[in-house]
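Every heavy atom of this structure was used, including side-chain atoms; hydrogens, water molecules and symmetry mates were not.
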Amino acid sequence: MAEGLTPDDAVAGQNAAASDGTGDREDATAGDAASDAPADRADPDEAVADGGWRGKHPAAAQAVGWVTTALAAVLVLFALLVPNELGRLTPGAFARIPVEGIFGAAVLLVLPPKARRVGAVIAGVGLGLVTILNLLDMGFYWVLDRPFDLVLDWILFDDAESFLKDSVGPAGAIGAVIGVVILVLALLLLMTLAVVRLSRLIARHSAMATRTTVILGTAWITCVALGVQIAGVPVASRNTAELAQHRAQAVRAGIKDEREFAKEAGVDKFSDTPADQLLTGLRGKDVIFAFIESYGRSAVEDPAMASQVGTVLANGTSRLRAAGFSSRSAFLTSPTFGSGSWLAHSTFMSGLWIKNQQRYRSVTSSDHLTLTGAFQRANAWRTVGIMPGVTRSWPEGQFYGLDNVYDSRELGYKGPKFSWAPVPDQYSLSAFERLEHGKPGNKPLMSEIILVSSHNPWAPIPKTIGWDKLGDGSVYNTIKKEGKDPKEVWKDADQVRTEYRRSIEYSVSSLVSYVEKYGNDNTVLVFLGDHQPASIVTGAHASRDVPIAIVAHDPAVMDRIAGWGWQDGLKPGPKAPVWRMDSFRDRFLTAYGPQPGHTPAAPTRSISQHR
C-alpha cells in the first residue's frame with residue numbers, strides 16, 4: 001500500500017483500476033498521488049472479488065484495457081494533429097509532437113481530482129468539436145476552396161442536403177444525414193471518454209507522466225529551435241492552437257468586414273445618375289444577361305476538357321457570325337468557387353464584392369443600384385427574370401429591379417428534374433420566348449436568365465432537340481431515362497469531369513441555338529459563368545476565373561467596348577483580360593452611357609424575327 005493511504009483508499013483505488021482494465025491503482029487523496037506499480041501486478045484478491053468477466057478472464061481483461069487505452073491515445077492524437085485540408089492529410093502530418101497535448105497533460109497533473117475530471121470532460125468535448133470543424137473544413141476546401149465559416153456557412157447545409165437528394169435520392173439523403181448526426185455525436189462522446197480515460201492514467205502514474213511531459217516538452221522546444229521537419233512538415237506541432245487562433249481571427253475579421261462593407265456599399269457613383277442618362281447606348285435593344293452554372297475557366301483551358309468545349313465555342317462563334325452577330329470575350333474573377341452562385345450573381349449586378357453570406361444579406365436588403373435595376377430605373381425597358389432554379393419564395397428579386405420573375409413553377413414545365421436542375425436550359429429559353437420575348441410590347445426587354453443544367457451532380461444531362469418538339473417538357477421523360485445515374489458517375493472522378501464538360505457543352509449550345517433562331521437586329525447577349533466547378537473537376541488551386549462573352553448584331557454595340565481589349569469570339573484565350581467581377585457593372589454602365597454627339601434610340605420593340 002502506498003504511503004499515506006488508508007485501507008479504504010486502497011480498496012477504492014483498486015476498484016477504479018480494475019474497471020479501467022489496466023490493473024493500475026488511482027490515488028483518491030486530495031493530493032492525488034499515485035503508485036508506480038506496474039500494470040501486471042494487479043491484486044489477485046481484487047480479481048476474485050470481482051466475480052464477473054474480469055475475474056474469470058483477468059488476462060483478457062487486462063489486454064482489453066491496454067487496447068482501449070491505446071485507442072484512446074490514438075484518437076486524441078488524431079484530433080490534435082489532423083489537418084483541415086485533404087491535401088495535407090499525409091503520414092507525416094501525424095509524425096509530430098503536439099504542444100497542446102503536452103500542455104494539457106501538464107494541466108491535468110496539477111489539478112485536484114474533481115477539477116481534473118471536469119477539465120478532462122471539457123477538453124474531450126472541445127477536441128471533439130475541433131475534429132468536427134476540421135472535417136467540415138476538408139469538405140469546404142474540396143468543394144469551395146476555402147474553410148468553413150463558423151458564422152455564415154450554416155445556410156449552405158440546405159444546399160448540401162438538396163445535392164444529396166439529387167445525387168442519391170431522398171432515402172439516400174436521409175440516410176446520409178442520419179449518418180452525419182451519428183458521427184458527430186459519436187465523435188463528441190468517444191473523444192470525451194478518451195480524454196477522461198487518459199486523465200485517469202496520468203493521475204495514477206503521476207511521476208512517470210511528469211517525466212514524460214518534461215521530456216516531450218523539451219523535445220518540442222528543441223524541434224522548434226532547430227526547425228526539425230519530416231517530409232517538409234515541422235515535427236513541433238501547434239496544429240490545434242493555430243486552427244483555433246485562425247477561427248477566432250476569422251470571427252473578428254467578419255465583424256470588421258461588416259463595418260467596412262457598409263462603408264463600401266455607401267459609395268456609388270451611379271446612384272444619383274438621372275434616368276435619361278442611364279444606358280443610352282442600348283436604347284431600343286433587347287438585352288439578355290445569362291448566367292451558365294459552374295461555367296469556369298477550367299472548362300476552356302483544362303486539357304481534359306478544353307478541346308471539346310473549345311470546339312463548341314468555335315462552332316457557336318461561326319454560327320452566330322453567319323447569322324450576323326459578332327462576339328467578344330474575356331474573363332471575370334468570381335468571389336466564390338464551387339458553389340454559392342448567388343454571391344456571384346449579386347457581385348456582378350451590384351458592382352460590390354459579395355464574398356460571403358453576411359455581405360449578401362446586407363446588399364440585398366439595401367437599395368443599392370444593380371445593373372438590372374439601372375435598366376428598370378431608365379424606364380426604357382421591361383425587366384424580367386427567368387429563374388428555373390428558384391423553387392420557393394425569393395424576396396431578393398426586388399433588389400435586382402425585375403418587373404416580373406418566372407421561377408420553376410411558372411415556366412409551364414411538365415417534365416422531370418435532371419438531378420438538381422428543375423428545368424432544362426433549352427426549355428427555360430423556350431419559355432422565355434413564349435412568355436416574354438416572342439410577344440409584342442411597348443418597351444424592349446432586359447432579361448436575366450439563369451441556366452442551371454450544368455449544376456452538379458452533372459448527371460443525367462438533357463440533350464438539345466428541335467425547338468418545335470419541346471412542348472410542355474414531357475419529352476424529357478425519355479431523355480432523362482437515357483441519361484446516366486449520378487450515383488454511378490460520382491464513383492469515378494474522371495466520369496465526373498466528363499459529365500461536367502458535357503453539361504457545359506449542352507448549356508452553351510442551347511444558348512447559341514436560341515440566339516441563332518430567335519435573335520434579331522436588336523438582340524444583345526451577355527453570358528458568363530458564375531463560378532468554377534468543385535475541385536473534383538478543376539483539381540487543387542484552380543483560379544476563380546469564369547469566361548464572359550458579349551454578343552450583338554448591331555456593330556455600334558460592339559464599338560462601345562472596343563477599348564476593353566476583349567478577344568474576338570466566344571472563347572477567351574489565355575491572354576484575354578481578367579477583371580474582378582465587381583468591376584463589370586461600372587464599366588458596362590460607363591461604356592453604354594452618354595457619349596458626345598450620341599442621340600438615344602427610341603425605346604420601341606416588335607416581335608422577334610425568327611431566323
Side-chain angles (χ1 to χ4, degrees), residues 275-276 278-292 320 323-325 327 345 348-349 369-388 390 394 397-408 410-412 423 425-451 467 470 510-528 549-554 556-558 560 584-585 588-589 591-593 600-611:
D276 61 355
L278 286 170
L279 299 159
T280 56
L282 291 173
R283 300 298 170 104
K285 305 298 183 186
D286 289 327
V287 182
I288 301 172
F289 294 101
F291 287 91
I292 297 180
L320 291 175
F325 292 90
S327 56
H345 298 170
F348 181 82
M349 292 299 180
L369 180 67
T370 61
L371 183 54
T372 45
F375 282 85
Q376 185 184 55
R377 180 191 290 184
N379 199 31
W381 286 270
R382 171 172 165 78
T383 61
V384 299
I386 304 295
M387 307 291 174
V390 176
W394 189 53
Q398 297 180 358
F399 166 71
Y400 289 102
L402 300 173
D403 295 327
N404 193 28
V405 173
Y406 297 92
D407 63 24
S408 60
E410 299 170 305
L411 297 177
V423 183
D425 290 346
Q426 188 183 9
Y427 185 91
S428 294
L429 293 167
S430 175
F432 167 63
E433 183 65 23
R434 169 171 45 86
L435 295 170
E436 289 286 348
H437 189 251
K439 292 182 176 181
N442 295 324
K443 293 181 179 180
L445 281 174
M446 189 294 303
S447 311
E448 180 183 358
I449 302 176
I450 311 298
L451 302 179
W467 292 92
L470 291 172
S510 296
L511 193 55
V512 169
S513 178
Y514 173 81
V515 176
E516 191 178 31
K517 181 173 180 60
Y518 296 111
N520 57 50
D521 295 349
N522 289 323
T523 298
V524 177
L525 168 67
V526 181
F527 77 92
L528 67 153
I550 293 182
V551 178
H553 195 281
D554 186 351
V557 173
M558 305 305 285
R560 290 271 189 152
F584 183 84
R585 188 205 71 156
F588 190 88
L589 291 176
Y592 292 104
T604 59
R605 70 181 299 269
S606 59
I607 299 178
S608 59
Q609 302 167 2
H610 295 187
R611 295 180 179 276

Item to check | Side chain Arg560, main chain Phe588, donor-acceptor under 3.5 Å | outcome: no
Item to check | CE-CG distance between Met446 and Asp286, expressed to the nearest 0.5 angstrom | outcome: 11.0 Å
Checklist entry - Is a side-chain donor or acceptor of Thr370 paired with a backbone partner of Met349 at a separation under 3.5 angstrom? => result no
Checklist outcome for this item: For Ala378 and Arg283 the tightest heavy-atom approach is CB-NH2, 3.9 Å
Checklist entry - Which class fits the ring pair His345 and Phe291: parallel under 30°, tilted 30 to 60°, perpendicular over 60°? => result tilted
Next on the checklist: Do Tyr592 and Val524 have side chains that approach each other closer than 4.5 Å (heavy atoms only, starting at C-beta)?
Outcome noted: no
Checklist outcome for this item: CG of Leu278 to CG of Leu371, rounded to nearest 0.5 Å, is 10.5 Å
Next on the checklist: Are Arg382 and Asn442 packed together at the side-chain level, in the sense that at least one heavy-atom pair is separated by less than 4.5 angstrom?
Outcome noted: no
Next on the checklist: Using 0.5 Å steps for rounding, measure from the OG atom of Ser428 to the CG atom of Leu435.
Outcome noted: 10.5 Å
Checklist entry - Knowing that exactly one of Val287, Val515, Val512 qualifies, which makes a side-chain contact (heavy atoms from CB on, under 4.5 Å) with Leu525? => result Val515
Checklist entry - Got His553 and Asn520 here, is their nearest side-chain heavy-atom distance under 4.5 Å? => result no
Checklist entry - For residues 369-380, which residue pairs qualify under salt bridge (charged side-chain N to carboxylate O under 4.0 Å, His left out), counting only residues two or more places apart or in two chains? => result none
Checklist entry - Do the non-hydrogen side-chain atoms of Thr523 and Val551 ever get within less than 4.5 Å of each other? => result no
Checklist entry - Given the side-chain rings of Phe289 and Phe584, with only the six-membered ring counted for Trp, is the space between their centroids under 6.0 Å? => result no
Item to check | Heavy-atom pair of closest approach, residues Pro444 and Ala380 | outcome: CD-O, 3.2 Å
Item to check | Nearest-0.5 Å distance, CD1 of residue Ile449 to OH of residue Tyr406 | outcome: 11.5 Å
Next on the checklist: For a quick test of reading the model, state the closest non-hydrogen atom pair linking Lys285 to Val557 and the distance between them.
Outcome noted: CE-CG2, 4.0 Å
Checklist entry - Does the side chain of Leu511 come within less than 4.5 Å of Asp425's, by heavy atoms? => result no
Checklist outcome for this item: Sorted by chain and number, sequence neighbours left out, side-chain hydrogen bond (donor to acceptor under 3.5 Å, both in side chains) with Tyr514 holds for Glu433, His437
Checklist entry - Roughly how far, to the nearest 0.5 Å, is CD1 of Ile288 from OH of Tyr518? => result 12.5 Å
Checklist entry - Is it true that a side-chain atom of Ser408 and a backbone atom of Val390 form a donor plus acceptor pair closer than 3.5 Å? => result yes
Checklist entry - Side chains of Leu589 and Leu279: does their closest heavy-atom pair fall under 4.5 Å? => result yes
Item to check | Parallel, tilted or perpendicular: ring planes of Phe375 versus Trp381, cut at 30 and 60 degrees | outcome: perpendicular
Item to check | Closest non-hydrogen atom pair, Trp467 against Ser513 | outcome: NE1-OG, 2.8 Å
Next on the checklist: Determine whether a donor-acceptor pair (N or O, by modelled atom type, separation under 3.5 Å) exists between the side chain of Ser447 and the backbone of Gly385.
Outcome noted: no
Checklist entry - Any side-chain heavy-atom pair from Leu451 and Ser510 closer than 4.5 angstrom? => result no
Checklist entry - In Å, rounded to the nearest 0.5 Å, how long is the span from CD of Glu436 to CG of Leu445? => result 5.5 Å
Next on the checklist: Is there a side-chain contact between Leu411 and Pro388 in this structure, where contact means two heavy atoms from C-beta onward sitting under 4.5 Å apart?
Outcome noted: yes
Next on the checklist: One pair to check against side-chain contact (heavy atoms from CB on, under 4.5 Å): Asn379 and Lys443. What are the steps and the verdict?
Outcome noted: CA-CA 9 Å; Asn379 199 31; Lys443 293 181 179 180; 2.9 Å; yes
